[in-house]
Number of protein chains: 2
Amino acid sequence: MPRPREFEPDTVVDQAMLRFWWQGYRATSVEDLVKATGVKPGSLYSAFPGGKHTLFLKSLERYSKLVVPQKLGELESPDAGLAELRGYFDGLVSDLLSPEGRQGCLLVNTAIENAAEDDEAAAVVRGHLARLERCMTTALGHARDRGEVRASVDPAGGAKVLVATCQGLMVVGKANPDATMLRAIVDNAFAVLA
Amino acid sequence: MPRPREFEPDTVVDQAMLRFWWQGYRATSVEDLVKATGVKPGSLYSAFPGGKHTLFLKSLERYSKLVVPQKLGELESPDAGLAELRGYFDGLVSDLLSPEGRQGCLLVNTAIENAAEDDEAAAVVRGHLARLERCMTTALGHARDRGEVRASVDPAGGAKVLVATCQGLMVVGKANPDATMLRAIVDNAFAVLA
DNA sequence: AAAATACATGAGTGACCATTCAAGAACAAG
DNA sequence: CTTGTTCTTGAATGGTCACTCATGTATTTT
């Protein structure tokens, strides 16, 4: 009986995600979202009750499902080792240096901009950090078993440090997107493990 | 001849800085600043031409001069070594775990929230990162000379990694202010150097 | 074709935004 | 005391914010 919806909600979330990613939550207005999606306010609010904030949370989840796996790449494969770990960091650096990647990571931005005042957003960020830590622990364990890093490196502890280091890499990259600096950070982070 | 000013500009900047620190640039309204400082809009704009943005830049500089040296503490002394380096990281962790320190570092928050769109703010952040790197390089050099870390640790490179790690520590701390996690990051960051 | 249903539209809501400005007030010099 | 200068005040500006709702529309069932 009902008139069918003329837009695909997932597509709307995708476009909203891009806006939140590039501009941040506060700096993105509902009017921005209307322009970006082509969906008028009324339809937006009826399709996403809760409005801007709901759309933001859905954007975070969509980012986790769509963008994060692509960035992690082989690092999430069960037998990832040092090469995959290094590949992830190198990918971060080249992203930060490219015009399309300057915005960094939506989840890192969210940690800083919203985590203190938005528990739901903070929970998504915590999930992401745990996921990162998990696959880095695995990769570091394999790296140690294969002799790719010093035997004295503790995979669980080292992974926690690497998680922090890659978050910090993005903070530094935002303020100072300089190839020499970013590559030096990665080079030395791995040199210390070898 | 002129009527004397009834407020101290430095005090106004101090109070504005606290607001920007706790709430961020965008989330702090001029009305907030008026309430916090007791200075009415007209006076605020005549004392700080450029308004909110000028006050923000002055806040960043004041943070660098007032808050940062207090956080760095002995790490800025010319003969700082591993103890001072470790002390700085421990201080960061206990700040992030205390109600008064949850807001993290104004300059890290600024790197994420404003650096991409505000070159002047980004420049202040870059200065801060360079300052951190400089004193960490010195401290790490002394630590190596004194045998407090492995001889294979490169002070300049290691400092770059530590800078990134402490920025990342604050990202993690914002999303997940958990003592066990934060202490594990610091413990392992130093374990890797030993 | 008529009724029922959900969707699309976009002007409208009041609140808040950063900023300005006209008016009055306080001081110092003459 | 008068005049000149700067400061203080707070109402007013025009804009934008997130959000709502009455109206019209498209589709399916009867």
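The chains referred to below are lettered A, B, ... by the order of the sequence lines, with proteins before strands, and numbering in each begins at 1.
Between A/D10 and A/K58 there is no salt bridge, since no side-chain N of the basic residue sits under 4.0 Å from a carboxylate O of the acidic one. A salt bridge does not link B/R26 with A/E113: none of the charged nitrogens is closer than 4.0 Å to a carboxylate oxygen. A salt bridge between B/R183 and B/D178 is absent, with no side-chain N of the basic residue lying under 4.0 Å from a carboxylate O of the acidic one.
Where A/R5 and B/G42 each meet DNA chain C at their nearest nucleotide, the meeting point lying more 5' is that of A/R5. Between A/S43 and A/V30, the residue anchored nearer the 5' end of DNA chain D, judged by the nucleotide with its closest heavy atom, is A/V30.
One interatomic measurement links the two molecules: CG of B/L55 to P of C/dA18, which rounds to 12 Å at whole-angstrom precision. At whole-Å resolution of the value, CG in B/D32 and C1' in C/dC17 are 11 Å apart. One can place CG of B/L44 at 15 Å from C1' of C/dC17, the figure rounded to the nearest angstrom. If you measure from atom CD of A/E8 to atom P of C/dC7, you get 13 Å, rounded to the nearest angstrom. Computed from coordinates, the A/E31 CD to C/dC17 P distance equals 18 Å when rounded to whole Å. Put simply, CZ on B/F48 is 16 Å from P on C/dA18, counting in whole angstrom units. In this structure, OH of A/Y45 is placed 15 Å from C1' of C/dA11, rounded to the nearest angstrom. In this structure, A/K35 places its NZ atom 14 Å from C1' of C/dG10, rounding to the nearest Å.
Listed nucleotides: C/dG10, D/dC7, C/dA18. Nearest to the side chain of A/P41: C/dG10. Minimum atom distance to the side chain of B/K52 is reached by C/dT19, of the listed D/dT8, D/dC17, C/dT19. Picking from D/dT20, D/dT8, C/dA8 the nucleotide with the shortest atom distance to the side chain of B/S46 gives D/dT8. When each of C/dT20, C/dG10, D/dT9 is scored by its nearest atom to the side-chain atoms of B/K40, the top-ranked nucleotide is D/dT9.
Summarising the geometry of B/V153 relative to B/L193, their closest heavy-atom pair is CG2-O, 3.8 Å, with the distance given to 0.1 Å.
A cation-pi arrangement is present between B/K52 and B/Y25, with the terminal nitrogen or guanidinium carbon under 6.0 Å from the aromatic centre and inside a 45° cone about the axis.
Only B/T28, listed by number, bring a heavy atom of residues 10-28 of chain B to less than 4.0 angstrom from any atom of DNA chain C.
Crowding of B/E31 atom CD: a count of heavy atoms from other residues, nucleotides or ligands under 6.0 Å not exceeding 12. Environment of CD in A/E74: sparse, with no more than 12 heavy atoms of neighbouring residues, nucleotides or ligands closer than 6.0 Å.
The aromatic ring centres of B/F190 and B/F89 sit less than 6.0 Å apart.
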Which donor-acceptor pairs under 3.5 Å do the side chains of residues 158-169 of chain B make with protein atoms, sequence neighbours left out?
unit_1 : atom_1 : unit_2 : atom_2 : d
B/K160 : NZ     : B/E133 : OE2    : 2.9
B/T165 : OG1    : A/T165 : OG1    : 3.3
B/T165 : OG1    : B/V161 : O      : 2.8

- Query: Which nucleotides of nucleotides 22-30 of chain C have their base under 4.0 Å from a protein heavy atom (B), which only their sugar-phosphate (S), and which neither (-), written as one string 5' to 3'?
  - Reply: --BBBBSS-

